Structures are given as structure tokens and as C-alpha cells.
2 protein chains.
Amino acid sequence: MGYVHNVPVPLDSHTWSIAELAAEYDVTLRTIRFYEDRGLLTPERRGTVRVYHPRDRVRLGLILRGKRLGFSLDEIATIVDMYDAEPGEEGQLVYLLDQITTRRAELEQRRQDIDETLEELAEVERRCEADLNTLRTR
Amino acid sequence: MGYVHNVPVPLDSHTWSIAELAAEYDVTLRTIRFYEDRGLLTPERRGTVRVYHPRDRVRLGLILRGKRLGFSLDEIATIVDMYDAEPGEEGQLVYLLDQITTRRAELEQRRQDIDETLEELAEVERRCEADLNTLRTR
DNA sequence: CTCGTGATTGACGCTTACGTAAACGTAAAG
DNA sequence: CTTTACGTTTACGTAAGCGTCAATCACGAG
């Protein structure tokens, strides 16, 4: 080791092994390979081994966030692909804008769902604490 | 028909058939029966037919909201059951409060995910519109 | 009685998102 | 050379969440 210190690495040149990414995001190798099968990741190959670049790493993050939001992998694919779409022709751009409108509507619906649920949880919580008090002051 | 007007129906006495609920929430009969199989709904039976009370209707709404949020049916079950839990003993109440804390954390994580995604969508949108402009003013 | 309408219970099928071996390759370390 | 670590492909298994028949029943209208 050594000499890691102060060595000016060309911006964004770092790469990762599949195991490193898996550890970082706490998923299995199987999961990562599965995402590749579904076209969500396209790591470089050095021989047969997969080499992940910053772009892949970012995409994995986006995929997992999409999962937390309850989107299917297909939906996630369309969302993530929007992020690094080429400028392209007008039809493409209009389509993209339309997709954005759709996804935004979904997300806002979800946020409303979340807010309502949080409200109701707070109510249950108040009930609970009230019940606890009557139990203890008896 | 007729006489529906101004007839004081005993509060919450209305019931629904499975088809009515399915139509209202835009799900299939199969789905509703499946939720019953999983213990999420427990409609009354008149003979063999299911009769749904306001409580069941509310629960169905909660279940579907849970689904939109990406929770599994198992998770939804624990959440929904919290809503009409009996006061119960102290251990129960403490457990409930703990559950609430857990769920709240998840929901807040999700809301943050949503906000980040909305942010990024807005960015993509700006890029798109800029690209459209350069296309048209050329 | 018969028909149509709406309900019921199985039971098998399908997709998604992975888990879980099995069998093999490669390269550095002991 | 053998072990160890890390990677690969192929392939079958599985749980969740329904879809989709098929066969049957009940009931009111004609």
C-alpha cells in the first residue's frame, strides 16, 4: 500500500468490483447481476469480470431508491434512463417531458399517501399514550 | 326508488357487496377475496355471500394506500391492525408504540426519497426544455 | 320451469424479484 | 502445487400477488 495519499486521480476514474458495490449498498451479487439482466446496469467487462464505473454506481443508487419507493424494475428502468438520455430529436424530448409529468403525478400521490398515513399514525400514537397513562395512574 | 332523500339511516349501517367495493376501488373480486385469505379483510357472511361493512370498506382503502406506498401485504396487515387495536395491556401498547416508530421512520425515508426524485425530475425537465428551445430557435 | 345475474369455492397459471446451489475459471499467496 | 478468494454462467426454486378458468349455487323476472 502507501502512496495513496495525494495522488491526483483523474476525475471519476475510480471503479468498483461487484462485491464492493454489493457491500456498499447492502445487496447481494445476485441482485446486481439480475439488474444487469434486466438492462438496468451495463458494467464494463475486463475479460469476463464486471467492472463498475461511477455511472453504474449512481444508477444502482437510483434503482434502489426507486425500489424503496415501490416502483417495479420496469418503471425504474424508464425513470433512470431519463436521467442520462441524449438530447435527441423533438419527438423524444416531448415524450420525455410527458413521462416526467406522469412520474411526478405518481410521486405526488405517494407523498400525499405518506402524509395521510403519518397523520393517522400520530393519532394512534396519541391514543396509545393516553391508554398507557390511564393504565399507570390507576 | 325514491324516498332515499332525507331518510335518517342509522349511522354506519350501510353495507356493500363485493362487486360494489371492487367497482369503487377499481380492483377485481379476486383481489378482494385474496385480501380476505390473507386475513386483511373479514366481511360478514350472510349464508355464503360476503357482506362488507363500513369498517371493511375503510380497511380496503388503507390496504390499497399501503400498496401504493410499496408495502407488502404482510407489512400492511400490521399497520392496518394497529388502527383498530383494542386498548389491551401495557406490553401490547408498548409494542404498538414501537411499531409506530418503525413505520414512521420508513415513511419519512420514503418521503425524502420522493423529494429527491422530484428534484432530479425537475432538473431533467429543465434540460429537456432547454434542448427543445435550442432545437426550435435554430 | 328457465334464464340471466351475481355470488361462491377450488385450482392451476403467471410474472416479478430475487435465493440458492452447482460447476467452473483465474490469479495471488503460502 | 494446493489453497483461498473472488469471480463467472446456468438453472432450478420460491414467495407474493393476483389472473383466469371451471363448476356450482341462489334468486328474482318472465
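Note that this is a predicted model, so its numbers are computed, not measured. Lettering of chains follows the sequences in order, A, B, ..., and the numbering in each one begins at 1.
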Exercise. Name the first nucleotide and the last nucleotide along DNA chain C (5' to 3') that come under 4.0 Å of a heavy atom in chain B.
Key: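 With heavy atoms of chain B under 4.0 Å away, the range is C/dA7 to C/dA11.
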Quiz item: Under a 4.0 Å N-O cut-off, is there an ion pair linking B/Arg46 with B/Glu44?
Solution: yes
Quiz item: Are A/Arg59 and A/Asp81 close enough for a salt bridge, meaning some N to O gap below 4.0 Å?
Solution: yes
Quiz item: Which residues, if any, of residues 60-80 of chain B bring a heavy atom under 4.0 Å of DNA chain D?
Solution: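 Going residue by residue through residues 60-80 of chain B, the ones with a heavy atom under 4.0 Å of DNA chain D turn out to be B/Lys67, B/Ser72, B/Leu73.
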Self-check item: Sorted by number, the residues of residues 22-50 of chain A with heavy-atom contact under 4.0 Å to DNA chain D
Solution: A/Arg30, A/Arg33, A/Arg45, A/Thr48, A/Val49, A/Arg50
Quiz prompt | Residue pair A/Glu116 / A/Gln112, side-chain donor-acceptor N/O under 3.5 Å | solution = yes
Can you measure from [atom1] ([X]) to [atom2] ([Y]) and round to the nearest 0.5 angstrom?
X	Y	atom1	atom2	answer
A/Glu123	A/Leu121	CD	CG	10.0 Å
A/Asp131	A/Glu129	CG	CD	10.0 Å
A/Tyr25	A/Ile63	OH	CD1	10.0 Å
A/Thr78	A/Leu96	OG1	CG	9.5 Å

Exercise. Check step by step if side-chain contact (heavy atoms from CB on, under 4.5 Å) holds for A/Glu24 and A/Glu20.
Key: CA-CA 6 Å; A/Glu24 177 174 356; A/Glu20 286 168 344; over 6 Å; no
Exercise. List in chain and number order the residues that pass side chain to side chain donor-acceptor pair (under 3.5 Å) with A/Arg127, two or more places apart in sequence or in another chain; answer none if no residue qualifies.
Key: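 Counting only residues at least two positions away or on another chain, A/Arg127 forms no side chain to side chain donor-acceptor pair (under 3.5 Å).
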Self-check item: B/Arg65 charged N/C atom sitting above B/Phe71 aromatic ring, 6.0 Å / 45°
Solution: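 Checked: cation-pi criterion not met.
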Quiz item: For the helix from C/dC1-D/dG30 to C/dG30-D/dC1, how many degrees between its two end axes (five pairs per end), to the nearest 10°?
Solution: 20°
Quiz item: With a 4.5 Å heavy-atom cut-off, do A/Glu106 and B/Arg68 have their side chains touching?
Solution: no
Exercise. May I have all residue pairs that pass salt bridge (Lys or Arg N to Asp or Glu O under 4.0 Å) and include part of residues 27-38 of chain B, sequence neighbours excluded?
Key: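 Every pair satisfying salt bridge (Lys or Arg N to Asp or Glu O under 4.0 Å) with a residue in residues 27-38 of chain B: B/Glu36-B/Arg45, B/Glu36-B/Arg50, B/Arg38-B/Asp74.
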